[in-house]
Amino acid sequence: MRTLPLEGAKWLTIYENGCAKTYPSGAVEWARWTAVDDIEARSAPVPTIDGGVEYEHAVCIELRDGTRIFLCGTRIGDFAEEARERVFGLQLDEHRATMADGGVVAVRSERGLEITAEGLRRKDRELAWAEIDEIESDRGCARFHRGGAQVGWAAFDVKGPRGRACLQVARELYARNRAGEGVGEGVG
């Protein structure tokens, strides 16, 4: 367990299974790592009194129930990366288990986009793993190419842990298909 200061006399306490934001009034917002849907983090340089520069970090933790917890402070940059890695690992394991059980993984950054054992699906559109020429990740976006052209409806954001975990599962399924191992088998 460790504690970091936030702006406005608030505190962030990091536990093995999650974190808590405590207000001066004593109110607490909790986030268990397993309940986190995604984490967005941004940093901006802020001039200091002595003429130097420090970084102000803004972190938004979005829970699966839609609740958002906002954190701001100069000392939480390492926390943001640590939290993203913890959530990425948990979600990657969850997505792999879902695929191994024959389920589908919803890519929430793009409404209606799903990863299946056979490929990507969005409403009445499908892109089979065998049809994909290349998967690229550039500037925080995953892109899938078929016949040398990007398939626009299949692109999704990979800046947060959820998107990164979805991209990793997609790459694993694509590689298994390319290796001739078939689809629908366990991933990981």
Side-chain angles (χ1 to χ4, degrees), residues 15-19 29-42 59-70 80-188:
Y15 301 95
E16 183 63 31
N17 295 324
C19 64
E29 290 181 293
W30 296 91
R32 293 185 64 80
W33 301 131
T34 54
V36 174
D37 187 50
D38 217 345
I39 299 173
E40 183 179 334
R42 297 174 191 232
V59 178
C60 176
I61 300 173
E62 187 172 346
L63 304 181
R64 292 180 183 195
D65 68 2
T67 302
R68 291 183 175 173
I69 300 172
F70 296 96
E81 193 53 41
E82 175 189 337
R84 290 166 71 126
E85 288 306 312
R86 284 186 188 208
V87 171
F88 167 75
L90 290 167
Q91 289 188 357
L92 181 57
D93 290 346
E94 181 182 308
H95 294 346
R96 284 175 172 160
T98 297
M99 296 306 300
D101 289 342
V104 299
V105 173
V107 182
R108 293 198 180 137
S109 64
E110 287 298 322
R111 207 156 107 176
L113 182 60
E114 298 175 324
I115 298 172
T116 72
E118 293 77 29
L120 298 170
R121 176 175 64 204
R122 186 175 195 176
K123 298 181 184 173
D124 60 343
R125 299 175 178 175
E126 292 186 13
L127 178 62
W129 300 121
E131 296 177 61
I132 297 173
D133 301 326
E134 176 188 12
I135 300 174
E136 70 172 337
S137 176
D138 182 40
R139 296 184 206 144
C141 185
R143 295 179 180 88
F144 298 81
H145 297 267
R146 172 177 51 198
Q150 179 183 328
V151 180
W153 62 263
F156 60 89
D157 184 327
V158 295
K159 292 177 191 142
R162 172 172 263 297
R164 285 181 46 220
C166 288
L167 175 60
Q168 181 63 36
V169 166
R171 284 184 166 154
E172 291 171 5
L173 288 165
Y174 171 75
R176 290 180 70 85
N177 186 274
R178 286 286 187 220
E181 296 179 35
V183 295
E185 300 171 13
V187 204

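By convention here, the first residue in the shown sequence is residue 1. Worth knowing before you read on, the calculation uses all heavy atoms, side chains too, and leaves out hydrogens, waters and symmetry mates.
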To the nearest 0.5 Å, what is the distance between [atom1] ([X]) and [atom2] ([Y])?
X: L90; Y: R32; atom1: CG; atom2: CZ; result: 10.5 Å
X: E118; Y: N177; atom1: CD; atom2: CG; result: 10.0 Å
X: W30; Y: N17; atom1: CH2; atom2: CG; result: 11.0 Å
X: L127; Y: L113; atom1: CG; atom2: CG; result: 9.5 Å
X: R84; Y: R162; atom1: CZ; atom2: CZ; result: 14.0 Å
X: R121; Y: I115; atom1: CZ; atom2: CD1; result: 11.5 Å

Using side-chain heavy atoms (C-beta onward) and a distance below 4.5 Å, is [X] in contact with [Y]?
X: D133; Y: F144; answer: no
X: Y174; Y: L120; answer: no
X: T98; Y: V104; answer: no
X: I135; Y: L167; answer: yes

Pairing of R96 and E172 as salt bridge, 4.0 angstrom limit: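 Answer for the salt bridge query: yes.
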Stepwise side-chain contact (heavy atoms from CB on, under 4.5 Å) test for I39 and F88: CA-CA 10 Å; I39 299 173; F88 167 75; over 6 Å; no
Exercise: identify the closest heavy-atom pair between [X] and [Y]:
X: V158; Y: A142; result: CG1-CB, 3.7 Å
X: Q150; Y: A155; result: NE2-CB, 4.1 Å
X: V107; Y: C166; result: CG2-SG, 4.1 Å
X: Q91; Y: D37; result: NE2-O, 2.9 Å

Please list every donor-acceptor pair under 3.5 Å in which a side-chain atom of residues 63-70 meets a protein atom from a residue at least two apart or in another chain.
| from | atom 1 | to | atom 2 | distance (Å) |
| --- | --- | --- | --- | --- |
| R64 | NH1 | E94 | OE1 | 3.2 |
| R64 | NH1 | E94 | OE2 | 3.3 |
| R64 | NH2 | E94 | OE1 | 3.0 |
| D65 | OD1 | T67 | N | 2.8 |
| D65 | OD1 | T67 | OG1 | 2.8 |
| D65 | OD2 | T67 | OG1 | 3.4 |

Derivation of the side-chain contact (heavy atoms from CB on, under 4.5 Å) call for C19 and I61: CA-CA 10 Å; C19 64; I61 300 173; 3.8 Å; yes
Worked verdict on W33 versus Y15 for side-chain contact (heavy atoms from CB on, under 4.5 Å): CA-CA 10 Å; W33 301 131; Y15 301 95; over 6 Å; no
R125, CZ atom: more than 12 neighbouring heavy atoms under 6.0 Å: no
Crowding at CZ, R171 (>12 non-hydrogen neighbours, <6.0 Å):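 Enclosed: over 12 neighbouring heavy atoms sit under 6.0 Å from CZ of R171.
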Sequence neighbours excluded - salt bridge (charged side-chain N to carboxylate O under 4.0 Å, His left out) pairs with any residue from residues 134-153: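 Matches after skipping sequence neighbours: E131-R146.
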